[in-house]
A.B. asks: 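Pasting in a structure now, in structure tokens, and then I'll have a few things to ask.
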Amino acid sequence: MENDSFSQRVIQVIAAIPCGTVATYGDVARLAGSPRAARQVGGLLKRLPADSRLPWHRIINRHGQISLQGDDLLRQRDALEAEGIEISDEGQVDLARYRWQW
DNA sequence: AATCTGACATATT
DNA sequence: CAATATGCCAGAT
């Protein structure tokens, strides 16, 4: 299935994102060793098992916005706010402030 | 093996 | 500043 090294690395990276911070798809892809595989990160998360216990909600796009829609969007937003991350009325996160630094 | 798809990013218009 | 086009790379069919 998706037991490839790429998938594993992406999972490791996401698992390492600290509570209260966020990272962009591009960040995760870069840290996973494939700087241009940002789309794959989303592709993986989408088909991730519901019980993976991965902080997938800390992954947003480079505009600081959640790329999901509908129900999932609301859930991710709530999860982020629950960690103390503020989101503007337009659904934007202040990346300069919450982006994971390493 | 070939083609299509997409929870993105960057450059260009 | 917003909209569009193109590149990207791993999965799915």
Side-chain angles (χ1 to χ4, degrees):
Chain A
M1 296 297 217
E2 52 268 4
N3 283 23
D4 298 69
S5 54
F6 174 75
S7 304
Q8 297 298 344
R9 283 197 298 268
V10 169
I11 291 173
Q12 295 281 348
V13 171
I14 295 178
I17 299 174
C19 179
T21 70
V22 298
T24 68
Y25 294 93
D27 288 340
V28 175
R30 186 152 38 81
L31 293 174
S34 290
R36 307 297 148 184
R39 288 183 97 153
Q40 278 44 256
V41 175
L44 281 179
L45 295 184
K46 179 167 71 167
R47 41 196 302 295
L48 205 58
D51 59 343
S52 62
R53 301 186 200 189
L54 215 58
W56 61 270
H57 54 270
R58 295 179 192 150
I59 310 299
I60 56 183
N61 63 30
R62 88 178 198 89
H63 300 305
Q65 301 179 301
I66 295 172
S67 294
L68 288 175
Q69 295 187 356
D71 243 25
D72 294 327
L73 168 62
L74 300 179
R75 274 197 260 105
Q76 181 168 5
R77 195 202 57 203
D78 288 344
L80 290 175
E81 290 180 331
E83 294 186 349
I85 295 172
E86 297 174 24
I87 300 178
S88 74
D89 298 333
E90 320 225 307
Q92 272 198 273
V93 171
D94 184 353
L95 280 179
R97 183 174 160 184
Y98 295 108
R99 195 182 203 178
W100 179 31
Q101 315 263 231
W102 59 94

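To find a chain, count down the sequence lines: A is the first, B the second, and so on, and within it residues start at 1.
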A.B. asks: Considering all heavy atoms of both residues, which atom of A/Gln76 and which atom of A/His57 are nearest to each other, and what is their separation?
C.D. replies: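 Minimum heavy-atom contact is NE2-O, 2.9 Å.
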A.B. asks: Under 3.5 Å, which donor-acceptor pairs do the side chains of residues 28-46 of chain A form with other protein atoms, sequence neighbours left out?
C.D. replies:
{"unit_1": "A/Arg30", "atom_1": "NH2", "unit_2": "A/Asp27", "atom_2": "OD1", "d": "2.9"}

A.B. asks: Main chain of A/His63, side chain of A/Gln92: is a donor-acceptor contact present, judged purely on distance under 3.5 Å?
C.D. replies: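 Side chain of A/Gln92 to backbone of A/His63, a donor-acceptor pair under 3.5 Å: yes, one is there.
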A.B. asks: For nucleotides 6-13 of chain B, just jot down a letter per nucleotide in 5' to 3' order: B, S or -, based on protein non-hydrogen atoms under 4.0 Å.
C.D. replies: BBBSB---
A.B. asks: So A/Asp72 and A/Ile66, do their side chains get closer than 4.5 Å, heavy atoms only?
C.D. replies: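 No - every pair of side-chain heavy atoms lies 4.5 Å or more apart.
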A.B. asks: May I have the distance from A/Arg30 (atom CZ) to C/dC8 (atom P), rounded to whole angstrom?
C.D. replies: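 That distance rounds to 17 Å.
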A.B. asks: Hey, quick one: are A/Leu73 and A/Leu80 part of the same hydrophobic cluster, counting side-chain heavy atoms closer than 4.5 Å, chains of contacts allowed?
C.D. replies: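 Yes, one cluster joins them.
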A.B. asks: Counting only side-chain N and O atoms of A/Ser34, is one of them less than 4.0 Å from OP1 or OP2 of C/dC8?
C.D. replies: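 The answer is no; no side-chain N or O of A/Ser34 sits under 4.0 Å from OP1 or OP2.
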A.B. asks: Check whether any side-chain heavy atom of A/Ile87 lies under 4.5 Å from a side-chain heavy atom of A/Glu81, and answer yes or no.
C.D. replies: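 Side-chain contact under 4.5 Å: yes.
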A.B. asks: Could you tell me if the side chain of A/Arg58 sits less than 4.5 Å from the side chain of A/Cys19, heavy atoms only?
C.D. replies: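 In contact.
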A.B. asks: Using every non-hydrogen atom in the two residues, find where A/Trp100 and A/Ala16 come nearest and quote the distance to one decimal.
C.D. replies: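 Where A/Trp100 meets A/Ala16 most closely, the heavy atoms are CZ2-O, 3.9 Å.
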A.B. asks: Just to be sure I understand the geometry, which residues of residues 92-102 of chain A put a non-hydrogen atom under 4.0 Å away from DNA chain B?
C.D. replies: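 The answer is none.
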A.B. asks: Whole angstroms only, please: what is the CD-P distance between A/Gln65 and C/dA2?
C.D. replies: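 Rounding to the nearest Å, CD of A/Gln65 and P of C/dA2 are 11 Å apart.
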